[in-house]
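Below is one structure, written out as structure tokens, with a few remarks after it.
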Amino acid sequence: MAEVFLISAFISMVKVLSLADLELEIGFWSYILFAITLSVAINSIDKLQSWRTVYKLVTNKAAV
Amino acid sequence: MPEYQHFSPVLIAKNQSITSCPVCNGLSPNSESHCAACDSALHSRMPASLQRTIALLITACFLYVPANVFNILRTEGVEGSMEKTIVGSIIMFMDQGSYVLALIVFTASIIVPTGKIAALSWLCICAITPRWSQPLSNTRLYRLTELFGRWSMIDVFVVALLSSLVQLDGLMSITPGAAVMAFAGVVIATMLATMSFDTRLIWDLWEKNNER
């Protein structure tokens, strides 16, 4: 949801731009980096591999 | 010739008395009620999957009407108040010359919800009538609806951000309109409908077709 929120932040910034001056500070740039790294991290998890590890720990044997 | 024929010896878990876990993909015998690895409930096919999906789709259709008829934003400024519907705000972006934003909002709040409702209805129809079923393309369609579903939350977030940012007493204020709740309802209902549709139903029909 972080990247969806980022796009909607862009849109509302453009809307506000017609009413007021905006100055982007460090929090905004770090939020962009946070959204990117979070979605990359979520996409690079190998779900099967991690569940296999859990299964090994629970049953103390290799998964079939 | 159907396109899925080249990987023909497909084993269907239900016929082998095996159930796969929806969370960890582990395989358990049909007699187990919970997964041995992650303890989530096991069902060979999700109970009442089609009924739930169709009910949520009808809910989404009903909510989509107030979401488009009522106003989504109410701006009160020095020059008087202004109210905008979803389509109205897209037209406003076009008038301002920001066509990229108009396209983003148009895709997120009109194409994605209607496309999702249409795609899921098509999947439900295909699950009932095997004649039109195209398992591989239907699976791709399901993946697409799952991928793009959350992007229609953009409009709700924009309204939430704007109405919390612009609250200058007397000078200017933006308040959310009645349509926001209905639109959020549409997004949530379609997301739940996507989750409650059991993809294995697509492949059951393929097997039924082959038996004939």
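Order of the sequence lines fixes the chain letters, A, B, ..., with proteins taken first and strands second; residue numbering starts at 1 for each chain.
- B/Ile154 touches chain A through backbone and side chain together, each having a heavy atom under 4.5 Å away.
- Residues A/Ser12 and B/Leu161 approach most closely at OG-CD1, 3.3 Å, considering heavy atoms.
- Other residues, nucleotides and ligands contribute more than 12 heavy atoms inside 6.0 Å of the CZ atom of B/Arg45.
- Taking a 6.0 Å sphere around CZ of B/Phe62, one finds it holds 12 or fewer heavy atoms contributed by other residues, nucleotides or ligands.
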Residue pair B/Trp151, A/Glu3: steps toward the side chain to side chain contact (heavy atoms under 4.5 Å, CB included) verdict: CA-CA 9 Å; B/Trp151 285 97; A/Glu3 65 274 21; 3.6 Å; yes
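- In terms of heavy-atom pairs under 4.5 angstrom with chain B, the leader among A/Met1, A/Met13, A/Lys47 is A/Met1.
- Side-chain contact between A/Phe10 and B/Ile104 is absent, with no heavy atoms from C-beta onward closer than 4.5 Å.
- With a 4.5 angstrom heavy-atom cutoff, B/Ser152 does not touch chain A via any of its atoms.
- Residues B/Gln96 and A/Lys15 form no side-chain contact, since every pair of their non-hydrogen atoms from C-beta on lies 4.5 Å or further apart.
- Rounding to the nearest 0.5 angstrom, the gap separating the CD1 atom in A/Ile11 from the CG atom in B/Asp155 is 7.5 Å.
- The environment of OH in B/Tyr142 is crowded: more than 12 heavy-atom neighbours from other residues, nucleotides or ligands sit within 6.0 Å.
- Neither the backbone nor the side chain of B/Leu27 comes within contact range of chain A; no heavy atom of the residue lies under 4.5 Å from a heavy atom of that chain.
- Here the CZ atom belonging to B/Phe157 is positioned 12.0 Å from the CD1 atom belonging to A/Ile7, to the nearest 0.5 angstrom.
- Atom CE of B/Met195 is surrounded by 12 or fewer heavy atoms from other residues, nucleotides or ligands within 6.0 Å.
- When heavy atoms are compared at a cutoff of 4.5 Å, B/Val158 approaches chain A by way of both its backbone and its side chain.
- Taking a 6.0 Å sphere around CD1 of A/Ile26, one finds it holds 12 or fewer heavy atoms contributed by other residues, nucleotides or ligands.
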